[in-house]
2 protein chains.
Amino acid sequence: MKKKTTIYDIARELNITVSTVSRALSDFPAISDATKKAVVEMAKKLNYSPNKLASALKSGKTHIIGVIVPSVQAHFFASIIHCIEDGLKDSGYRVIIYQSNESVENEINGVKTLLEAQVDGIMASMSLETQDVSHFAEIVKQNKPLILFDRVHEDLIVPTVTLDDFKAGYMATQHLIDRGYKKIAFITTVHQIKIFNDRIKGYKACLTENNLPILDDHIIFGGLSIKDGRFGAGRLMRSENKPDAIVAGDDFTALGVIKKLKEIDETPPEIGVIGFANEAFSAYITPNLSTIDQHAPQIGKECAEMFLKMIQQENPYQNIEHIVLDPTVVERQSTSKTLPG
Amino acid sequence: MKKKTTIYDIARELNITVSTVSRALSDFPAISDATKKAVVEMAKKLNYSPNKLASALKSGKTHIIGVIVPSVQAHFFASIIHCIEDGLKDSGYRVIIYQSNESVENEINGVKTLLEAQVDGIMASMSLETQDVSHFAEIVKQNKPLILFDRVHEDLIVPTVTLDDFKAGYMATQHLIDRGYKKIAFITTVHQIKIFNDRIKGYKACLTENNLPILDDHIIFGGLSIKDGRFGAGRLMRSENKPDAIVAGDDFTALGVIKKLKEIDETPPEIGVIGFANEAFSAYITPNLSTIDQHAPQIGKECAEMFLKMIQQENPYQNIEHIVLDPTVVERQSTSKTLPG
DNA sequence: ATGAAAGCGCTAACAC
DNA sequence: GTGTTAGCGCTTTCAT
């Protein structure tokens with residue numbers, strides 16, 4: 001194992017000291033151009049690559065920020081990450097990604113790993129399982145920037161970037177009503193997550209405001225996945241109060257709903273279906289899926305900006321902001337009852 | 001900014017030395033149980049979190065391995081990553097992900113970042129743009145394990161995990177022939193990437209073996225994306241030698257092809273369409289897409305195992321293996337000409 | 001069973 | 001414009 005070149009090797013070759021090398025490499029004004037040039041050339045010649053570990057240990061800054069998401073496979077999160085990277089790269093920050101796969105245990109592990117790796121800050125969207133948030137509280141205790149996005153938790157007093165989920169639930173429901181549907185069901189997760197609760201509240205508020213009844217057996221608490229969508233749709237269509245439209249907790253669930261409906265010959269838009277998140281596939285399935293767009297790119301952008309603000313303050317938490325974005329309805333075939341199919 | 005507890009704080013509180021603390025924390029046999037217990041308790045009390053940077057600097061091992069992929073949004077890569085994590089976690093290795101977004105520049109940056117972060121090894125699948133591989137050669141020069149998967153490059157003498165892409169191209173073509181298609185076109189990337197070249201070779205070999213002509217204007221060199229698929233399909237269907245089936249470079253491209261075909265009322269399986277990769281959406285579009293499954297989980301598993309082998313050897317490259325997996329045809333509606341639609 | 005001390009590679013305050 | 005030196009937090013060899 002040939003060992004790596006360090007600034008000591010460069011210094012030795014050039015008969016100067018490491019401090020000069022260090023300064024030359026970081027383009028110090030006080031270093032002569034000749035020395036700089038010599039150092040840079042020698043560095044290239046010796047194939048020098050800086051050991052960021054050492055400099056981070058010394059300076060206390062890794063310039064790495066960790067992002068914890070349930071899964072990168074959802075286009076929504078992948079897109080947010082991309083925009084975080086984008087918003088941060090000019091400031092020299094790199095992003096590393098940690099997936100919780102919707103498990104608290106993984107999430108706890110993620111926080112631990114990132115903290116031990118001395119990241120300069122963490123951005124996270126919580127797993128569906130997460131109830132206790134003490135692992136996240138630890139980040140705040142260390143006075144490191146923590147920003148929560150989308151799936152946030154009220155116990156944590158930290159900056160957040162979210163969608164107005166009450167409005168999202170309301171809009172999805174109102175859209176169905178506008179399209180002529182009257183018996184609207186809702187499939188959501190059993191987990192007590194703020195954003196999902198807010199959506200239900202929006203759904204209920206919208207029904208009430210339109211003088212439609214809120215029926216307990218029109219609200220299915222289960223999981224969010226293709227499988228859960230199929231299951232929920234099956235249960236709803238077999239019930240006494242058969243709905244004529246379904247709001248699904250996310251686009252994956254909506255996809256399951258559609259598959260089930262097609263199997264039992266109630267192909268949308270006969271039964272209206274709308275999802276949340278505007279996943280990549282939603283425009284391509286048949287019938288293509290109406291959905292609530294959650295503006296992932298903007299969420300990412302806001303997170304990046306917020307982080308930059310936080311590290312500039314002496315105390316990152318001296319000025320806690322909560323950014324709330326507005327959702328948008330994306331209308332497609334699956335809710336086009338009153339339109340030509 | 002309250003500063004973090006270190007092993008010095010623990011040592012001071014307990015009136016012992018840092019070496020004892022360090023040993024106690026890493027469960028040295030020579031340390032008395034009483035001391036261990038005291039140390040662990042004090043660590044918890046002081047909210048101690050180890051600084052991996054420092055230990056990595058000292059030990060030269062970060063226990064982090066970097067994975068560079070074109071994009072995590074492709075289910076294929078996301079799935080591989082997941083299986084790499086899985087295969088490595090018992091050995092205490094963590095994975096960090098870097099996306100090249102199909103750009104060499106990002107890829108070069110990724111290698112640099114990961115190397116500077118002192119990762120213990122790198123696994124990569126190259127961007128479509130990559131021709132020159134000197135940035136990867138640098139990893140080998142540092143004698144760090146590098147494993148290439150799927151999109152590999154012949155100039156790099158490193159272990160690889162790939163699919164038999166010749167066979168994949170052959171199988172896709174043969175499948176179409178078996179289903180009664182005779183004029184089979186092929187859409188692929190302009191970039192000179194081994195796996196794509198191999199697929200074309202397989203396609204040509206299969207045509208020849210079935211006594212079918214190889215037509216130049218049946219092979220479209222462009223990009224791989226929904227848009228490119230639409231474009232390629234349009235061009236093929238307008239040509240003199242209108243094909244009756246299309247092999248698309250990946251499932252995204254195949255999706256574009258299908259969309260275009262539907263628009264011009266040549267809905268598959270009238271024109272057969274097959275893709276590569278078995279993306280998550282492929283089963284859900286209409287008609288659902290036949291594709292070549294590339295066994296992502298197994299690729300990930302093999303990468304993890306190979307890495308573990310490499311680091312156990314004094315020289316990681318003393319025994320270079322090339323693992324080649326067999327593809328599988330996943331038959332769905334888009335190629336079901338001779339079957340009930 | 002535990003302590004003393006050197007050193008991983010780098011930065012930066014302080015000299016000259 | 002450049003050298004000297006201490007130290008970031010940890011591991012580890014050599015003592016005791």
Side-chain angles (χ1 to χ4, degrees), chain A residues 1-40 42-43 46-64 92 115-120 142 144, chain B residues 1-40 42-43 46-64 92 115-120 142 144:
Chain A
M1 188 83 169
K2 63 198 95 167
K3 66 168 183 285
K4 288 189 51 184
T5 24
T6 71
I7 51 172
Y8 281 88
D9 301 315
I10 301 178
R12 196 180 325 108
E13 292 293 318
L14 257 30
N15 265 314
I16 55 178
T17 60
V18 287
S19 28
T20 308
V21 176
S22 172
R23 285 171 188 135
L25 254 17
S26 42
D27 208 26
F28 244 60
I31 298 290
S32 75
D33 285 350
T35 314
K36 274 182 195 167
K37 190 157 167 277
V39 167
V40 170
M42 184 56 71
L46 298 181
N47 225 312
Y48 170 75
S49 159
N51 184 333
K52 292 268 174 171
L53 250 46
S55 83
L57 176 59
K58 179 69 189 164
S59 68
K61 299 259 144 274
T62 54
H63 292 282
I64 291 176
L115 245 23
E116 289 179 358
Q118 313 299 120
V119 294
D120 289 350
Q142 292 196 13
K144 284 213 171 141
Chain B
M1 190 84 170
K2 63 197 95 167
K3 66 169 185 285
K4 288 190 51 184
T5 15
T6 72
I7 51 172
Y8 281 88
D9 301 315
I10 299 177
R12 194 179 327 105
E13 291 294 318
L14 256 32
N15 265 315
I16 54 179
T17 61
V18 287
S19 20
T20 308
V21 176
S22 172
R23 286 169 186 137
L25 253 18
S26 41
D27 208 25
F28 245 61
I31 298 290
S32 75
D33 285 349
T35 313
K36 274 181 195 167
K37 190 157 168 278
V39 168
V40 169
M42 185 55 72
L46 297 183
N47 224 312
Y48 170 74
S49 158
N51 184 334
K52 293 267 173 172
L53 250 47
S55 82
L57 176 59
K58 181 65 189 165
S59 68
K61 299 259 142 273
T62 54
H63 293 281
I64 292 177
L115 245 23
E116 289 179 358
Q118 312 299 120
V119 294
D120 288 351
Q142 291 196 13
K144 283 209 173 146

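Residue numbering restarts at 1 for every chain, and letters A, B, ... go by the order of the sequence lines.
- Considering all non-hydrogen atoms of both residues, A:H63 and A:G92 come closest at CB-O, 3.6 Å.
- Between the base of C:dC10 and the side chain of A:Y8 there is a donor-acceptor pair shorter than 3.5 Å.
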**Report entry** Verdict with reasoning, B:S19 to B:S22, per side chain to side chain donor-acceptor pair (under 3.5 Å)
**Finding:** CA-CA 5 Å; B:S19 20; B:S22 172; over 6 Å; no

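- One can place CD1 of A:I16 at 14 Å from P of C:dC10, the figure rounded to the nearest angstrom.
- Among the heavy atoms of the strands lying under 4.0 Å from A:T6 are primed sugar atoms or P, OP1, OP2 only; no base atom is included.
- Between A:K144 and A:D120 there is no side-chain heavy-atom pair separated by less than 4.5 Å.
- For A:K36 and D:dG1, the NZ to P distance is 9 Å, given to the nearest whole Å.
- Summarising the geometry, the separation between CD on B:Q118 and C1' on D:dC10 is reported as 16 Å, rounded to the nearest angstrom.
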Polar atom pairs between nucleotides 13-16 of chain C and protein, under 3.5 Å, N or O only, would you list them?
from: C:dA13; atom 1: N6; to: A:R23; atom 2: NH2; distance (Å): 2.5

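- Taking only side-chain nitrogens and oxygens, B:T35 never comes nearer than 4.0 Å to OP1 or OP2 of C:dA1.
- Straight-line distance from the CD1 atom of A:I7 to the C1' atom of D:dT5: 13 Å, rounded to whole Å.
- Atom CD of B:E116 and atom P of C:dC10 are 10 Å apart (whole Å).
- Across the protein-nucleic acid pair, A:Q142 atom CD and D:dG9 atom P stand 12 Å apart, rounded to whole Å.
- Rounding to the nearest 0.5 angstrom, the gap separating the CG atom in B:L46 from the CG atom in B:L14 is 9.0 Å.
- A sub-4.0 Å separation between OP1 or OP2 of C:dT11 and a side-chain N or O of A:S22 is present.
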What donor-acceptor contacts under 3.5 angstrom involve side-chain atoms of residues 29-40 of chain A, with partners at least two apart or in another chain?
from: A:S32; atom 1: OG; to: A:T35; atom 2: N; distance (Å): 3.2
from: A:S32; atom 1: OG; to: A:T35; atom 2: OG1; distance (Å): 2.6
from: A:K36; atom 1: NZ; to: A:D27; atom 2: OD1; distance (Å): 3.3
from: A:K36; atom 1: NZ; to: A:F28; atom 2: O; distance (Å): 2.9

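- Taken residue by residue, residues 26-34 of chain A places no heavy atom nearer than 4.0 Å to DNA chain C.
- The structure places OH of A:Y48 at 8.0 Å from OG1 of A:T5, a figure rounded to the nearest 0.5 Å.
- For B:K58 and C:dG7, a side-chain-to-base donor-acceptor distance below 3.5 Å is present, hydrogens and geometry of angles not being considered.
- Within the 4.0 Å cut-off from OP1 or OP2 of D:dG3, at least one side-chain nitrogen or oxygen of A:T20 is found.
- In the helix from C:dA1-D:dT16 to C:dC16-D:dG1, the rotation axis of the first five pairs and that of the last five pairs differ in direction by 40°, rounded to 10 degrees.
- With rounding to the nearest 0.5 angstrom, the CD1 atom of A:I7 is 10.0 Å from the CG atom of A:N51.
- Less than 4.0 Å separates DNA chain D from at least one heavy atom of each of the following residues of residues 46-57 of chain B: B:Y48, B:P50, B:N51, B:A54, B:S55.
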Would you be so kind as to tabulate the donor-acceptor pairs closer than 3.5 Å made by side chains of residues 53-60 of chain B, with sequence neighbours excluded?
from: B:S55; atom 1: OG; to: B:K52; atom 2: O; distance (Å): 3.3
from: B:S59; atom 1: OG; to: B:S55; atom 2: O; distance (Å): 2.8
from: B:S59; atom 1: OG; to: B:K61; atom 2: N; distance (Å): 3.2
from: B:S59; atom 1: OG; to: B:K61; atom 2: O; distance (Å): 3.4

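- Rounding to the nearest 0.5 angstrom, the gap separating the NZ atom in A:K4 from the CD atom in B:Q118 is 4.0 Å.
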